[in-house]
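A short write-up of the structure that comes next.
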Amino acid sequence: MQRRITMMAAACALLLPAAAQSTSVTEVIAAARGADIIVLGEIHDNPTHHATQAQIVAALDPAALVFEMIPQTAEDEINALRDAGAGRDALAAALDWQNSGWPDFALYAPILEAAPHARVFGAEQPEADVQRAMVEGAAGVFGPDASAYGLDVPLPPAEQMAREALQARVHCGTLPRQMLPGMVEAQRLRDAGLADAALWARTMTGDGQVVVIAGSGHADQARGVPAALASAAPELKVLSVGQFEAPPDDPGDYDQILLAPAPARVDPCAGVAAPSD
């Protein structure tokens with residue numbers, strides 16, 4: 001399990017498209033107050049990123065929290081437990097967190113506790129659907145609303161190549177080339193699922209403010225959740241916040257950037273062999 005956690009952290013660290021100049025938490029909060037949906041990124045195993053998320057969520061007190069790490073099927077139980085005043089252990093047990101592959105629940109619990117009255121929504125895609133998307137394409141798996149999120153439109157060739165190159169990098173160059181298009185479709189499915197959950201959260205909270213907790217790659221305005229939201233609900237004001245450990249190279253793919261030192265971690269690509277093809 002630790003290997004999977006480390007690989008997820010590396011994926012978020014490497015999915016670093018363009019970015020604006022780094023800013024402060026105070027500036028992020030000020031910018032977020034007027035947003036309908038805030039996509040608040042992270043590198044999954046970075047404790048400072050999670051502490052910052054909790055600080056921002058506490059300041060905003062949003063109506064809803066959408067988590068990449070929580071399945072939709074767990075929403076009702078988690079919200080019932082929160083309403084009953086359940087503690088961290090009960091929430092983690094309900095989510096079977098120790099077997100989920102995500103970093104320690106203690107990193108995420110403060111985010112939930114920062115908005116005790118927010119309704120929680122899950123956006124983790126079932127693994128079976130992710131696997132299907134890799135073969136059948138994201139649109140076919142997503143269903144009738146796929147066109148709302150642009151999933152029925154093939155990516156331009158240059159963009160497709162760029163996304164495949166990113167997938168190759170985040171998987172340490174271990175994937176056979178023929179798998180890369182499927183990995184891109186899986187990512188498109190996840191982004192659309194997060195966007196769909198955010199819009200559903202808006203509906204279920206009477207157009208309340210929504211904060212989406214997800215890897216910083218999902219906060220990318222050009223390729224991630226904000227792009228899917230721009231397709232489905234262009235009238236909404238969406239703020240994208242990327243959290244990283246070093247400044248990305250190019251400006252523009254995030255509204256706000258926050259930087260924090262990297263924790264000690266094993267290099268996920270150390271000793272990994274490239275594919276033979």
Side-chain angles (χ1 to χ4, degrees), residues 2-32 38-57 67-69 101-104 106-108 110-111 158-159 161-175 180 183-184 187 190-191 194 211-227 238-272 274:
Q2 183 60 45
R3 179 69 177 179
R4 179 182 171 190
I5 291 172
T6 306
M7 287 293 289
M8 289 192 300
C12 286
L14 289 171
L15 279 173
L16 302 181
Q21 185 176 0
S22 61
T23 186
S24 70
V25 175
T26 300
E27 289 172 308
V28 170
I29 292 170
I38 301 97
V39 187
L40 187 49
E42 64 182 48
I43 293 176
H44 296 311
D45 69 340
N46 190 306
T48 304
H49 289 180
H50 296 297
T52 298
Q53 288 171 326
Q55 181 181 352
I56 294 170
V57 167
F67 282 85
E68 176 190 2
M69 308 81 195
W102 295 104
D104 196 326
L107 295 175
Y108 290 92
I111 304 168
E159 179 65 17
M161 289 179 63
R163 296 195 192 194
E164 289 182 17
L166 278 172
Q167 289 299 322
R169 286 172 53 206
V170 303
H171 290 89
C172 305
T174 62
L175 295 180
L180 296 175
M183 298 301 294
V184 171
Q187 188 76 356
R190 292 186 180 102
D191 286 323
L194 282 159
V211 173
V212 178
I213 302 296
S216 285
H218 293 298
D220 179 351
Q221 293 182 108
R223 295 169 174 158
V225 177
V238 178
L239 184 78
S240 68
V241 182
Q243 293 199 88
F244 303 110
E245 296 167 349
D249 295 330
D250 303 317
D253 282 353
Y254 297 87
D255 293 311
Q256 305 281 347
I257 292 294
L258 294 169
L259 301 178
R265 63 167 71 97
V266 176
D267 180 359
C269 297
V272 176

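What you see is a predicted model; the values in this text were computed from it and never measured.
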Gap separating the CD atom of Q187 from the CZ atom of R163, nearest 0.5 angstrom: 8.5 Å
What one should report as the nearest heavy-atom pair of S240 and Q221 is OG-CG, 3.1 Å
Set out, in order, the CA-CA distance, both residues' side-chain angles and the distance that settles side-chain contact (heavy atoms from CB on, under 4.5 Å) for E159 and R223, then state yes or no. CA-CA 9 Å; E159 179 65 17; R223 295 169 174 158; 2.5 Å; yes
Can we say R190 and E68 salt-bridge, meaning some charged N sits less than 4.0 Å from an Asp/Glu carboxylate O? no
Run the side chain to side chain donor-acceptor pair (under 3.5 Å) test against Q53 and tell me which residues pass, sequence neighbours left out. E42, H50
Any donor-acceptor pair under 3.5 Å from S216 side chain to I43 backbone: no
Might you point out which heavy atoms bring H44 and L107 nearest each other, and give the distance in Å? O-CD1, 4.0 Å
Indicate the atoms forming the closest heavy-atom contact of D220 with Y254, along with that distance. N-CE2, 3.5 Å
Partner set under side chain to side chain contact (heavy atoms under 4.5 Å, CB included) for A262, not counting sequence neighbours: E245, R265
Taken in chain and number order and not counting sequence neighbours, the residues that satisfy side chain to side chain contact (heavy atoms under 4.5 Å, CB included) with T48 are N46, T52, A260
Closest non-hydrogen contact found for F244 with H49 is O-NE2, 3.3 Å
Here the pair of heavy atoms bringing F67 nearest to I111 is CZ-CG2, 3.9 Å
Closest non-hydrogen contact found for I56 with L258 is CD1-CD1, 4.2 Å
